[in-house]
Amino acid sequence: MNGVNLGNWLVLERWMKPGIFAASGEADEIWLHRATKSAELEALLTRHRDHAALFGIEVLNEPIDWLTYAMSPSSRQAKDRSEARGSGPIPMAFLKRFYRETYHRLRPILAGNQVIVFHDGFRLGRWRDWFVREGMRGVMLDTHVYLVMAEQFPLFRLIPDRWLMGWYRLFVRWNERRIRRAARYTPVIVGEWCVANNLVNRTPSARNAVYREVAAMQRKAWSASAGQIYWSYQLRGNRAFLPTIDPQSDTSRLDPWDLTHVWHAGWMAGGGSGYVWRR
């Protein structure tokens, strides 16, 4: 199964479409709701979300991920300290209780061929046979893997450019092994991934070659899963599919997150990629 996330459709993220937040100046959707009058907000979101082209999508994935949280100023300083008191990583015990209750509410009203997807809480290796022991059928685990996660180590900047691709390969292979181990008990999908990486910033002349190589290595590795869903579909609205954007411009940072651009730039098209492009 190959799919694409409709990022910024159901859950707004300022970095993906800053214009929506221009009037309020807020950092995320929670504070956009609090800072905007109801009538104005309804009109804004209706224009943003009610698009007929979106309603024929077979695989839809629109979660909130760790990157969204980490990039938000609210992750570093809460505007309402009393409201934020006690926040932090969600304990496994809480997740298991929540997933158990969710399953028992949904399974009786869903068709037998409908699958319930649970996020791994960024702890894929911790679940093992828990869903099996709970007697849960028709479930999948959703894991998110980004190359930028491999760059969150203090010594990353000290790695020579010529070694970085090897570092990415090690990271991808490690995650492939984790997926295979988890899938012994419960099917796993890679619910978010993309070709974004910082090697292209350090070696801009090799930009296209780097993107093609990281795309190929991930596509091959994620084939160990039950499906892979790219983040995200499109970030540039109805602009030309192959825009004449200077690779050094500020907007070029969005390119690897935009499957429309990735595809038409030739970073992932053809060669058994598994994706079938339809407009």
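FYI, side chains are in, hydrogens and waters are out, and symmetry mates aren't considered; it's all heavy atoms of this structure. Count residues from 1 along the sequence.
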Are any side-chain N or O atoms of [X] and backbone N or O atoms of [Y], one a donor and one an acceptor, separated by less than 3.5 Å?
X    : Y    : result
R123 : G121 : yes
Q218 : W193 : no
D258 : H261 : yes
W127 : A182 : no
T260 : Y233 : yes
W167 : A150 : yes
N197 : V195 : yes

Heavy atoms from other residues, nucleotides or ligands near [atom1] of [X] exceed 12 (cutoff 6.0 Å):
X    : atom1 : value
R202 : CZ    : yes
F156 : CZ    : yes
F98  : CZ    : no
R133 : CZ    : yes

### Cation-pi geometry met for R107 and F131 (6.0 Å, 45°)
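No - R107 does not lie over the ring of F131 by the 6.0 Å and 45° rule.
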### Task
Measure from NZ or CZ of R178 to the centre of the six-membered ring of W174, then state whether that distance is under 6.0 Å and the direction lies within 45° of the axis.
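Ring-cation test returns yes.
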### Message
Under the criterion salt bridge (charged side-chain N to carboxylate O under 4.0 Å, His left out), I'd like the reasoning laid out for E176 against R180: C-alpha separation, chi angles, the key distance, then a yes or no.
### Response
CA-CA 6 Å; E176 180 185 355; R180 290 187 184 277; 3.0 Å; yes
### Message
Working note: N198 + L147, criterion side-chain contact (heavy atoms from CB on, under 4.5 Å); need CA distance, chi angles, decisive distance, verdict.
### Response
CA-CA 9 Å; N198 276 307; L147 292 181; over 6 Å; no
From [X] atom [atom1] to [Y] atom [atom2], the distance as rounded to the nearest 0.5 Å:
X    : Y    : atom1 : atom2 : answer
N175 : T143 : CG    : OG1   : 7.0 Å
Y230 : N5   : OH    : CG    : 10.5 Å
R137 : I116 : CZ    : CD1   : 8.5 Å

### Query
Under 30°, 30 to 60°, or over 60°: which ring-plane class applies to H144 and H119, parallel, tilted or perpendicular?
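Correct class here is perpendicular.
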### Message
Consider side chain to side chain donor-acceptor pair (under 3.5 Å). Of E151, E213, R173, which one does Y168 pass it with?
### Response
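Result: among E151, E213, R173, E151 is the only option passing the side chain to side chain donor-acceptor pair (under 3.5 Å) with Y168.
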### Query
Between E134 and Y103, does a side-chain contact (heavy atoms from CB on, under 4.5 Å) hold up when you go through it step by step?
CA-CA 10 Å; E134 289 289 323; Y103 176 85; over 6 Å; no
#### Entry: Which atom of A111 lies closest to which atom of Q114, heavy atoms considered
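A111 and Q114 have their closest heavy atoms at N-OE1, 2.8 Å.
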### Message
So which atom in M140 and which in A226 form the shortest heavy-atom distance, rounded to 0.1 Å?
### Response
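That closest heavy-atom pairing would be CE-CB, 3.9 Å.
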### Message
Could you go through V139 and F118, starting from their C-alpha distance and side-chain angles, then the distance that decides it, and tell me whether this counts as side-chain contact (heavy atoms from CB on, under 4.5 Å)?
### Response
CA-CA 7 Å; V139 299; F118 294 104; 3.8 Å; yes
### Message
Apply side-chain contact (heavy atoms from CB on, under 4.5 Å) to residues W130 and M92 and explain how you reach the verdict.
### Response
CA-CA 11 Å; W130 182 79; M92 284 292 290; over 6 Å; no
### Query
Out of L259, V214, V210, D255, which one pairs with W267 under the side-chain contact (heavy atoms from CB on, under 4.5 Å) rule?
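Among the candidates, only D255 passes.
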